[in-house]
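The structure under discussion appears below in the form of structure tokens.
As a basis for the values below, the full set of heavy atoms in this structure was taken, side chains included, without hydrogen atoms, waters or symmetry mates. A, B, ... follow the sequence lines: proteins, then strands. Residue 1 opens every chain.
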Amino acid sequence: MTLRLFDTATRSERDFVPLETGKVGIYLCGPTVQSSPHVGHLRSAVAFDVLQRWLERSGHDVTMVRNVTDIDDKTLVKAADAGVEWWAWALRYEREFQAAYAAVGVRAPAAEPRATGHIPEIIALVQALVDNGHAYELDGSVYFDVHSFPAYGALTRQALEDLTPAPDAPADAKRDPRDFALWKAHKAGEPETAGWDSPWGRGRPGWHIECSAMARRYLGREFDIHGGGLDLRFPHHENEQAQSRAAGDPFARMWMHSAWVTQSGAKMSKSLGNGLLVTEVLAHYPAPALRLALAQVHYRSMLEYSEQTMDDAAATWARLAGFVVRASDKVGAVTPEQVGAAPLPEPFVIAMNDDLGVPRALAHVHETVRAGNAAFTAGDDATLASALLSVRSMLDVLGLDPGAPEWAGAGAGSSAAMAALDSMVRADIDARAEARAAKDWATADAIRDRLAAAGIVVEDGADGVRWSLSVDD
RNA sequence: GGUGGAGUGGCCGAGAGGCGAGGCAGCGGCCUGCAAAGCCGUAUACGUGGGUUCGAAUCCCAUCUCCACCUCCA
């Protein structure tokens, strides 16, 4: 059974065949670190984290490279406005992005290269393009000559003559308004630290060139998958591909793009100011609920985000996590080794192999949970144990295994604080048990209400009383 | 203007010629001292107008609406 992935370049699903059997190189366009991350930013990271997990689960050794664009026009402007060094500004937001990624269980990439750390590679690439006639220097800047590369526009099917010239482009200076900067000459007023010496004088890299240079450095001249948000297709990825191929690199064999997050149908974005900060969401909801909200919609479909989105996701997470906790108490916990080695249900595998059909895969998870709960009620421990292992294994692929270490504390109750709380709550629960035994319902309910007011939910099961923290909203 | 995408039940979202994915919410039931959780059952659907077909949400034609990229954007 082979994995099929939708390739943006051909606009069709294709069998995924790695360049080298058993190994996969992925280059993912990461953040421009000039402001705080919002939930839209997390979408592509989560989508490609799921891809990586699925590839690894399918036996591949994955090298994930996700860059950090730590210098660009906006960063310089914003830092200057704030009276902060641009490099300090960039690092501050780089840390925020890293924290946000980690919070929702996106695993750290194998490499996280920064543009400013690869100036020699960038200069070498630009020089090669100048030397072979695909780029030209003008007043200390270097531009890619789009007319020199007939395949320009191939990735996004753009015809050169149909492109609207950039309104802010110095059309009179460049040979063609659609030529884009590979190297930007240092401008008066910009900090000295925002420039590097080059064959064309002092300057800094253009936006697109860093990805070409860094992909080559870490993944080679040809690699398997290039990913990013849908909005990066043009011009960013088109330009990347053009300059890399013009320099002789075969470059990415497949392009994958994740769709955006919308609110009332409109794209969430920094420039629109409708971005929901990750920190705000995480202040009110468990992190895995946010990951679930982002992952449960197919990565190529728009994800409509509303106030209800997180409430729904939190409820679903509580159902999944609750099943795992109850089932583990009943039939024993599953080890991480078992989770990683368990055979996955056929419907799940089929769904995931079809361009990462997470929604259908999750549907099977829900069906398995329901079967597990039914087995729990029926006292069928063998079926319950099997469902538990199956559910955890499937959720593990999605980075949503409630028993995974990264979600410890998100309702699992394994931390020292939870243990301390447990001993306190137990006293109340015992008192309530006495009241219930005496059929003193008023006292029993008063205790339950008091715990509920403190955010603790008490449930009477056939096998005893359990408590859990209620989900914020 | 060019390129690409979307319109599915109260909501979110799969599917893609023929047993109405899944979740949330709703309703009825089981369980419970009452709840909660869980389980069982259940209603409401494929933007509009034509066409093809024994049969269309799925194919064809037309049409309306919305969104994105072409300037920075995950």
Side-chain angles (χ1 to χ4, degrees), chain A residues 8 11 28-32 34-35 37-48 69 72-75 77 97 153 156-169 178 207 227-236 238 257-262 264-272 275 292-294 296-298 300-306 308-309 311-316 318-320 322-323 326 347 351 357-367 369-378 436 439-441 444-445 448-449 452 457-462 466 468 470:
Chain A
T8 310
R11 294 180 311 163
L28 175 61
C29 278
T32 300
Q34 44 102 357
S35 61
H38 62 244
V39 301
H41 289 120
L42 254 30
R43 182 145 193 227
S44 69
V46 167
F48 285 94
T69 300
D72 82 319
D73 295 347
K74 276 196 177 175
T75 307
V77 170
F97 269 89
T156 52
R157 301 175 175 254
Q158 306 284 340
L160 210 49
E161 59 273 20
D162 291 332
L163 292 175
T164 309
D168 63 337
R178 288 153 294 209
W207 175 34
L230 198 53
D231 39 15
L232 293 180
R233 277 181 315 170
F234 194 92
H236 186 52
E238 186 70 65
H257 292 96
S258 58
W260 45 83
V261 179
T262 60
S264 304
K267 178 184 170 194
M268 187 182 287
S269 99
K270 277 184 261 196
S271 45
L272 288 179
L292 178 64
L294 293 170
Q296 70 183 349
V297 176
H298 186 90
R300 288 195 289 115
S301 296
M302 288 194 298
L303 192 170
E304 173 64 16
Y305 190 100
S306 70
Q308 204 189 353
T309 306
D311 286 340
D312 287 355
T316 303
R319 174 176 160 80
L320 297 173
F323 168 73
R326 275 195 311 277
V358 174
R360 274 179 294 148
L362 266 176
H364 189 71
V365 171
H366 281 116
E367 283 164 11
V369 166
R370 196 189 330 117
N373 277 324
F376 187 101
T377 304
R436 292 183 73 210
K439 298 200 188 300
D440 178 1
W441 310 126
D445 290 351
R448 186 171 62 193
D449 290 346
V457 181
V458 176
E459 298 172 6
D460 302 324
R466 77 174 60 250
S468 60
S470 65

Review point. What nucleic acid atoms does Asn373(A) come within less than 4.0 Å of, heavy atoms only: base, sugar-phosphate, or nothing?
Key: sugar-phosphate

Review point. What are the two closest heavy atoms between Leu303(A) and Ala293(A), and how far apart are they?
Key: CD1-O, 3.4 Å

Point to revise | His364(A) NE2 - A14(B) C1' separation (whole Å) | key: 15 Å

Study note, to complete from the structure: Residue pair Ser264(A)/Ala444(A) against RNA chain B: nearer the 5' end by closest nucleotide is Ala444(A)

Exercise for review: Please state how far atom CD in Glu304(A) lies from atom C1' in U8(B), giving the value in whole angstrom units.
Suggested key: 15 Å

Check your understanding: If you check the Arg326(A) side chain, which of G22(B), G15(B), A37(B) turns out closest?
Key -> A37(B)

**Study point:** C19(B) versus A57(B) - spacing of their P atoms, nearest Å
**Key:** 10 Å

Exercise for review: Determine the interatomic distance between P on A74(B) and the same-named atom on G51(B); round to the nearest Å.
Suggested key: 49 Å

Review point. Hey, is the side chain of Lys74(A) pairing donor to acceptor with the base of C72(B) inside 3.5 Å?
Key: yes

Exercise for review: Quote, to the nearest angstrom, the C1' distance that separates C30(B) from A36(B).
Suggested key: 15 Å

Review point. Considering only the C1' atoms, how many Å lie between G28(B) and G17(B), rounded to the nearest integer?
Key: 35 Å

Check your understanding: Is there side-chain contact between Pro31(A) and His41(A), with heavy atoms separated by less than 4.5 Å?
Key -> no

Point to revise | Side-chain heavy atoms of Leu362(A) within contact of Pro359(A), under 4.5 Å | key: no

Point to revise | Residue pair Lys267(A) / Asp231(A), side-chain heavy-atom distance below 4.5 Å | key: yes

Point to revise | Distance, rounded to the nearest Å, where Leu303(A) contributes CG and A68(B) contributes P | key: 16 Å

Review point. How far does the P atom of U8(B) sit from the matching atom of C46(B), given to the nearest Å?
Key: 10 Å

Point to revise | Donor-acceptor under 3.5 Å (His364(A) side chain, Ala361(A) main chain) | key: no

Could you go through nucleotides 1-4 of chain B and list every protein N or O atom that sits under 3.5 Å from one of its N or O atoms, giving the distance for each pair?
{"unit_1": "G1(B)", "atom_1": "N2", "unit_2": "Asp162(A)", "atom_2": "O", "d": "3.1"}
{"unit_1": "G1(B)", "atom_1": "N2", "unit_2": "Thr164(A)", "atom_2": "OG1", "d": "3.2"}
{"unit_1": "G2(B)", "atom_1": "O2'", "unit_2": "Asp162(A)", "atom_2": "OD2", "d": "3.2"}
{"unit_1": "U3(B)", "atom_1": "O2'", "unit_2": "Thr156(A)", "atom_2": "O", "d": "3.1"}
{"unit_1": "G4(B)", "atom_1": "OP1", "unit_2": "Arg11(A)", "atom_2": "NH1", "d": "2.8"}

What are the atom names and distances for every N/O pair under 3.5 Å that joins the protein to nucleotides 24-31 of chain B?
{"unit_1": "C24(B)", "atom_1": "O2'", "unit_2": "Asp312(A)", "atom_2": "OD1", "d": "3.2"}

Review point. What's the CZ-P distance between Phe376(A) and C39(B), to the nearest Å?
Key: 11 Å

Study note, to complete from the structure: Nearest-nucleotide check on RNA chain B, Gly357(A) vs Ser44(A); residue mapping nearer the 5' end is Gly357(A)

Review point. Looking only at atom P, what distance separates G1(B) and C24(B), rounded to whole Å?
Key: 45 Å

Review point. Quick one: is Ser301(A) getting a side-chain N or O under 4.0 Å of the A14(B) phosphate, OP1 or OP2?
Key: yes

Point to revise | Within-4.5 Å side-chain heavy-atom neighbours: Val369(A) and Arg319(A) | key: yes

Check your understanding: Do any N or O atoms from the side chain of Glu304(A) and from the backbone of Gly265(A) form a donor-acceptor pair under 3.5 angstrom?
Key -> yes

Study note, to complete from the structure: When rounded to whole Å, the CG to P distance for the pair Asp445(A) and U32(B) reads 17 Å

Exercise for review: Using the C1' atom on both, measure A14(B) against G55(B) and round to a whole Å.
Suggested key: 23 Å

Review point. Rounding to the closest angstrom, what is the interatomic distance between G7(B) and A43(B) at atom P?
Key: 25 Å

Review point. What is the nucleic acid contact for Gly228(A), judged by heavy atoms within less than 4.0 Å: base, sugar-phosphate only, or nothing?
Key: sugar-phosphate

Exercise for review: Both distances under 3.5 Å, Watson-Crick or G-U wobble: on that basis, could you give the dot-bracket string for RNA chain B, with [ ] for crossing pairs and | for other-strand partners?
Suggested key: (((((((..(((.....[...))).(((((.......)))))....(((((..]....))))))))))))....

Review point. Can you find a donor-acceptor N/O pair under 3.5 angstrom joining the side chain of Arg448(A) to the base of C34(B)?
Key: yes

Practice item. Give a yes or no on whether the backbone of Leu160(A) and the side-chain of Arg178(A) come within a donor-acceptor separation of less than 3.5 Å. Key: yes

Review point. Which part of the nucleic acid, if any, lies within reach of Arg300(A) when heavy atoms closer than 4.0 Å are counted: base, sugar-phosphate only, or nothing?
Key: nothing

Study note, to complete from the structure: Between Leu232(A) and Gly228(A) the two heavy atoms that sit nearest each other are CD1-CA, 4.3 Å

